Amino acid sequence: MEWVCHAGGQRWPHYRNAPQAEVDLNLKELKAHNYNGIVSASTFKPDTFNIAKRQDTRALSEAMQRSAEGTIDLNLNGPRMASFADIAGTHWKLVIVVPKSRVYADADYLNQRLQTVGYLMLAGLLVFYAAFFAFLYFQAKRMSKLVAAPLEEIDQVLSRIRQGDYDQSFAGSKVTELAALGQNLVTTGAELGEARDQIVRQERIVAQALEQQRQINAEQTNFVRVMSHELRTPLAVIDSAAQIIERKAEAFSPDELKRRAGKMRNATKRIAATLENLLSGTQKYHDCGLVEATALPSDGPDLPSETTP
Amino acid sequence: MSKPPAGCRNITVLCIEDEAELRLDLMEELQDAGFTVMGADSAEAGLALLRAQTFSIILCDIRLPGLSGLDLLKQLQQQQSNDSRVPFIVLSAYDDQALRCSLRLHGASAFLVKPVDYQALIEQILTVVSLAPDV
């Protein structure tokens, strides 16, 4: 629609596209209007044709009053944009009113295209990321299978080693680090088993040595006991005879004294024989590292093994 | 030896010693001291004498042929009640702490290591007999 308005206070639209303007302004062109009669009545058209008096166009009229040209938004049967400018050499203003949608049609079209492109890009990104994450998911599952099975086997190997079963094997893994770890574990288990066997062997050797030492100690203790007995008994005979002679020497005849001296000498010979056996046994001990207790006189009773606190 | 105490003659001693010379010396010394002494060369012989008569005290070697002195002590411990138990003095050439403990456990009154001082032995006999309930 294009309006041509007079610059004076009365502005009358001239329609170049009358039907749309009539729709916008809700007017009906007064085709049968008698201008002569109206002029005589000082009135060309009713107030509804005056943009200054209409509520919906008053802002346009005021804008036209304020400036020679400009644009303003109106609401005339929908959103409209009005653009006005003075027509040079006249007192008329040209007003062009168009629907806003038509003014921004290209921009809207571009906007829609951009939106479409944006949506397409978004959809593309979504599809890309969905595919990417799906790929990652399946890769992760595959990697998980590659890692989980060897890890479980490693755990079982560890558990068996912990229970003392050191001879283990490892099926291997496509993951180099896990394969190395499994093999190292198997090797470590074998080394642990070897170390344990060595400890057991050492313990056995030590136990045997301890038992041998215990037997030697027992033999030595028994030897000392036997020696004590074998020396103390003839000593007791000598001491007994000496005590009696000491007490009763005056009462004894020479023969009796001789008899008792003979007892003492016999006992002394027993001690000498015992010492000789002792020296002989000691020599044998030095020769072969063993005490030959059987070489010593030993006919004593078994000593009691029980003790009391 | 000093004059024996008046009560010695009422004390009968059983002397069990396999070493004949030592047993004879022991018997001689104890008889000179006033005790009534009988000798045995083994635990079995000693047991036979114990069955035949009553003794105030037993002197016994540990190492004996057959039953040992400890075996004899155990048998007597089983046969005799606490009130009628004959005091038992051990003479031994073994000086062993475990043996001392075992003898003490089975009721031995004293433990003397050979060689023995006869005066000390006599005093020990008198002491042990004086402490015995049935003497």
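Chain letters run A, B, ... following the sequence lines, proteins first and then strands; every chain starts at 1. This one's a predicted model, so the numbers in the text were calculated from it and none came from an experiment.
Under the 4.0 Å criterion applied to side-chain N and carboxylate O atoms, B/Asp32 and A/Lys248 are assigned as salt-bridge partners. For B/Glu19 and A/Arg270, the salt-bridge test passes: some basic side-chain N is under 4.0 Å from an acidic carboxylate O.
Contacts between B/Asp117 and chain A at a heavy-atom distance below 4.5 Å involve backbone atoms as well as side-chain atoms.
Summarising the local packing, CZ of A/Arg113 is surrounded by 12 or fewer heavy atoms from other residues, nucleotides or ligands at distances under 6.0 Å. Other residues, nucleotides and ligands place more than 12 heavy atoms under 6.0 Å from the CG atom of A/Asn217. Residue-environment remark: CZ (A/Phe252) exceeds the threshold of 12 foreign heavy atoms within 6.0 Å. No more than 12 heavy-atom neighbours from other residues, nucleotides or ligands sit within 6.0 angstrom of CD on A/Glu246. More than 12 heavy-atom neighbours from other residues, nucleotides or ligands sit within 6.0 angstrom of CD on B/Gln53.
Separation of atoms CD (A/Gln243) and CD (B/Gln119) is listed at 9.5 Å; rounding is to 0.5 Å. To the nearest 0.5 Å, atoms OG1 (A/Thr233) and CD (B/Glu21) are separated by 12.0 Å.
Residue B/Val116 comes nearest to A/Asp239 through the heavy atom pair O-OD2, 3.6 Å, listed as atom of the first residue, atom of the second, then distance. Between B/Leu22 and A/Ala236, the shortest heavy-atom distance links the atoms CD1-O, 3.6 Å. The shortest heavy-atom contact between A/Arg232 and B/Lys114 is NH1-O, 3.0 Å.
Contacts from residues 254-268 of chain A to chain B, taken as heavy-atom pairs separated by less than 4.5 Å, involve A/Arg260, A/Lys263 in sequence order. Residues of residues 39-48 of chain B placed with any heavy atom under 4.5 Å of a heavy atom in chain A are absent; none qualify.
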Ignoring hydrogens and angles, write down the donor-acceptor pairs under 3.5 Å from the side chains of residues 185-194 of chain A, residues two or more places apart or on other chains.
{"unit_1": "A/Thr187", "atom_1": "OG1", "unit_2": "A/Gln183", "atom_2": "O", "d": "2.8"}
{"unit_1": "A/Thr188", "atom_1": "OG1", "unit_2": "A/Asn184", "atom_2": "O", "d": "2.7"}
{"unit_1": "A/Glu194", "atom_1": "OE2", "unit_2": "A/Arg201", "atom_2": "NH2", "d": "3.4"}

Do any side-chain atoms of residues 148-156 of chain A form donor-acceptor pairs under 3.5 angstrom with protein atoms, and if so which ones, sequence neighbours left out?
{"unit_1": "A/Glu153", "atom_1": "OE2", "unit_2": "A/Ala171", "atom_2": "N", "d": "2.8"}

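Side-chain atoms of A/Ser228 come within 3.5 Å of backbone N or O of B/Ala93 as a donor-acceptor pair.
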